[in-house]
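In what follows, a structure is listed as structure tokens, so that the remarks can point back to it.
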Amino acid sequence: MAAESRVFQEGDAVLVVDNEDHRFLMFLGRGRSFQSHQGALRHEEIMGRGEGEVLSTNKGFPLVVLRPSLSEYIMTMRRRTQIIYPKDVALILVMADLYPGLTVVEAGLGSGSLALGVLRALAGTGRLVSYETRPEFREQAERNLRGLLGETPNHTIKDQDIYQGIAEREVDRVLLDLPEPWRLLPAVAEALAPGGILMCYLPTVLQIHHTVEEVRRDGRFTMIEVVESLVRPWHVAGPSVRPEHRMVAHTGFLIFARRFVGLPPAVDEAPAAADRS
Ligand SMILES: C[S@@+](CC[C@H](N)C(=O)[O-])C[C@H]1O[C@@H](n2cnc3c(N)ncnc32)[C@H](O)[C@@H]1O
């Protein structure tokens, strides 16, 4: 996937940042304008200008124009579902080891946040198959994906209930953002290639507990890990250097497990004595 031109053109996604650090995502179109309390800027004035330039509103306020990073795009794009936040997308991309050439199945597509990260990692190669039952979510996700990535011929969206089965085989990664992933474990085990990785994203502890127990019971997965990420932003202004007063304290837990074939490796699943008392 080639780097984009530094010069903005019609249709490009642009992140506009004002001098109060307000961030606005827009798509350049002729006849359109950006508007805020600091004035207006016509999209035609951005077309032909370079990324990172400072332009002025009609009231003389500065605006920096940038191509949105993946994280900025996810946080400012339209969403009709809960999304997987960038901090968790980042962890998934590394811990589920997403790279070019893989075959990946995900459900549900939702607003497309995780799909954006996966498609970026696949870099135009391999294949992503997303299951999504709600057409209105699918349409929003398609707009979000097209807005950042353009056409993605290696992406297929299936309007199917994934609980009815996974048709794909020799899959390298299965990424599930669904309330009851344990219902899918037999299908995941059939779909995943040996060594393949399952990731489940779940918001509550009871879901994690039940899923991990069922993954263990299935007997075809190993290296089961559960993690969560807490990202604490910091305030740095003059001598005031401290954590921000507010942070996103909870999004979801991530379970990772790997498919193996053959005799199960020996694992000690008994809780430690200290955990039982
Ligand atoms: C929390 S959202 C997913 C968000 C998405 N991972 C993202 O990052 O934007 C859950 C999605 O799963 C879809 N869904 C729920 N059950 C499903 C099923 N059985 N098969 C396919 N999609 C399903 C819902 O319609 C919803 O869009």
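The shown structure was predicted, so the numbers you read here are calculated from the model rather than taken from an experiment. In each ligand, atom 1 is the first atom listed, and ligand 1 is the first ligand listed. Residues take their numbers from the sequence shown, with the count starting at 1.
In this structure, a donor-acceptor pair under 3.5 Å is present between the side chains of T204 and Q207.
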When you pair each N or O of ligand 1 with protein N or O atoms, which pairs come out under 3.5 Å?
| from | atom 1 | to | atom 2 | distance (Å) |
| --- | --- | --- | --- | --- |
| ligand 1 | 6 (N) | G108 | O | 3.4 |
| ligand 1 | 6 (N) | D177 | OD2 | 2.8 |
| ligand 1 | 8 (O) | I84 | N | 3.2 |
| ligand 1 | 8 (O) | L114 | N | 3.2 |
| ligand 1 | 9 (O) | S111 | N | 3.1 |
| ligand 1 | 9 (O) | G112 | N | 3.2 |
| ligand 1 | 9 (O) | S113 | N | 3.1 |
| ligand 1 | 19 (N) | D161 | OD1 | 2.6 |
| ligand 1 | 20 (N) | I162 | N | 3.0 |
| ligand 1 | 25 (O) | E132 | OE2 | 2.6 |
| ligand 1 | 27 (O) | E132 | OE1 | 2.7 |
| ligand 1 | 27 (O) | E132 | OE2 | 3.2 |

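A salt bridge is absent between D218 and R216: the closest approach of a Lys/Arg side-chain nitrogen to an acidic carboxylate oxygen does not fall below 4.0 angstrom.
Listed by first then second residue, pairs satisfying ring pair (Phe, Tyr, Trp, His ring centres under 6.0 Å) with a partner in residues 36-81 number zero, not counting sequence neighbours. Residue pairs meeting the side chain to side chain donor-acceptor pair (under 3.5 Å) criterion with at least one member in residues 243-261, sequence neighbours excluded, are K87-T251, D88-T251.
No more than 12 heavy-atom neighbours from other residues, nucleotides or ligands sit within 6.0 angstrom of CE on M223.
Every ring pair (Phe, Tyr, Trp, His ring centres under 6.0 Å) that F24 has, sequence neighbours left out, goes to F34.
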